[in-house]
Amino acid sequence: MFRRVVCTASLFLLILCGCSAVNNPEDIAASVKETYANASDIEIVTDITSNLDEETMTYQIGYSYQKQDDRTSKAEMTVLAPESIAGIKANITGEDFIFAYEDTELETAMPDRKGLTPVDVTTYLLYDLMNDVPKQVWMENDLIALRYENSEEAGTVVKDVYVQPDSYALNNAHIYKNGEQIMACSFTSCTLQP
């Protein structure tokens, strides 16, 4: 009797949360990875809320990725908002970021927390989708959810990434460090060209 009550309560909670298990999570993870790894062009507009350093900031970033060949790619990130820094661009090759505003190259130092700032979060989310195997895959609110986890000396980083089930286009992502959410991304557009 107790087991039946616990199972019923668990099922009820799962339904309330909008979460459900998926059939063949390894196949879904492999299909998402293949879609991103084989994309020749990716265009993204992201609204980012950053909770770093006890201050909440919001940004809108445009991101364009082009695969050059099997070994190289290039990307460009453009700040769209806030207006005070709109127009700043970063040309990205591998882990190198070169910042510019109009025709002037800007001096800047990238932080040690790679993938955990509004400037480079999109780059590292795409890297995860193209190269890593998620720790978990599930359905939530009609989206495929993929959890990527990385433990390092500074702590554990968890990225919950949500994609459309038909195209695998990015919908939103939540980034946590040591259990605390530090960033939320909402993708207002995401197009993938094979």
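All values below were derived from every heavy atom in this structure, side-chain atoms included, with hydrogens, water molecules and symmetry-related copies excluded. Since the structure is predicted, the reported quantities are computational estimates derived from the model, not experimental observations.
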**Item:** Asp132: side-chain contact (heavy atoms from CB on, under 4.5 Å) partners, not counting sequence neighbours
**Value:** Tyr127, Asp128, Tyr148

Could you tell me whether the side chains of [X] and [Y] share a donor-acceptor contact shorter than 3.5 Å?
| X | Y | result |
| --- | --- | --- |
| Asp120 | Thr123 | no |
| Asn51 | Thr56 | yes |
| Ser64 | Gln66 | yes |

**Message:** Would you say Leu170 ends up clustered with Leu192 if hydrophobic residues are merged whenever their side chains have heavy atoms under 4.5 Å apart, either directly or through other cluster members?
**Reply:** yes

**Message:** Do Val133 and Tyr36 sit in one hydrophobic cluster, given that two such residues count as connected whenever their side-chain heavy atoms are within less than 4.5 Å of each other, even indirectly?
**Reply:** no

Nearest 0.5 Å, please: how far is [atom2] in [Y] from [atom1] in [X]?
| X | Y | atom1 | atom2 | answer |
| --- | --- | --- | --- | --- |
| Gln181 | Asp160 | CD | CG | 9.0 Å |
| Arg147 | Tyr176 | CZ | OH | 7.5 Å |
| Met130 | Leu125 | CE | CG | 11.0 Å |
| Asp166 | Asp142 | CG | CG | 11.0 Å |
| Ile88 | Thr78 | CD1 | OG1 | 10.5 Å |
| Asn172 | Glu140 | CG | CD | 8.5 Å |

**Request:** May I ask you to check whether over 12 heavy atoms, not counting those of Glu152, lie within 6.0 Å of atom CD?
**Result:** yes

For the pair [X] (side chain) and [Y] (backbone), establish whether a donor and an acceptor sit closer than 3.5 Å, ignoring hydrogens and angles.
| X | Y | answer |
| --- | --- | --- |
| Ser73 | Gln68 | no |
| Lys159 | Asn150 | no |
| Ser31 | Asp27 | no |
| Thr46 | Ile48 | no |
| Ser40 | Pro194 | yes |
| Tyr63 | Ile42 | no |
| Asn178 | Thr156 | yes |

**Request:** Could you give me the CA-CA distance, side-chain angles and deciding distance for Gln164 and Leu143, then say whether side chain to side chain contact (heavy atoms under 4.5 Å, CB included) is met?
**Result:** CA-CA 5 Å; Gln164 298 291 339; Leu143 297 169; 3.8 Å; yes

Sub-4.5 Å side-chain heavy-atom contact between [X] and [Y]:
| X | Y | result |
| --- | --- | --- |
| Ile92 | Met77 | yes |
| Leu126 | Ile44 | yes |
| Val121 | Met183 | yes |

**Request:** Go through the steps for Phe187 and Asp47 under the test side chain to side chain contact (heavy atoms under 4.5 Å, CB included), then give the verdict.
**Result:** CA-CA 6 Å; Phe187 299 91; Asp47 293 320; over 6 Å; no

**Request:** Check step by step if side chain to side chain contact (heavy atoms under 4.5 Å, CB included) holds for Cys185 and Val161.
**Result:** CA-CA 9 Å; Cys185 303; Val161 182; over 6 Å; no

**Item:** Verdict with supporting geometry, Asn171 and Val163, side chain to side chain contact (heavy atoms under 4.5 Å, CB included)
**Value:** CA-CA 5 Å; Asn171 182 278; Val163 298; over 6 Å; no

**Prompt:** So Gln136 and Trp138, side chain to side chain donor-acceptor pair (under 3.5 Å) or not? Walk me through it.
**Reply:** CA-CA 7 Å; Gln136 291 178 288; Trp138 70 95; over 6 Å; no

**Prompt:** Quick one: hydrophobic cluster around Leu80, which other residues, with the 4.5 Å side-chain cut-off, linked directly or via members?
**Reply:** Val45

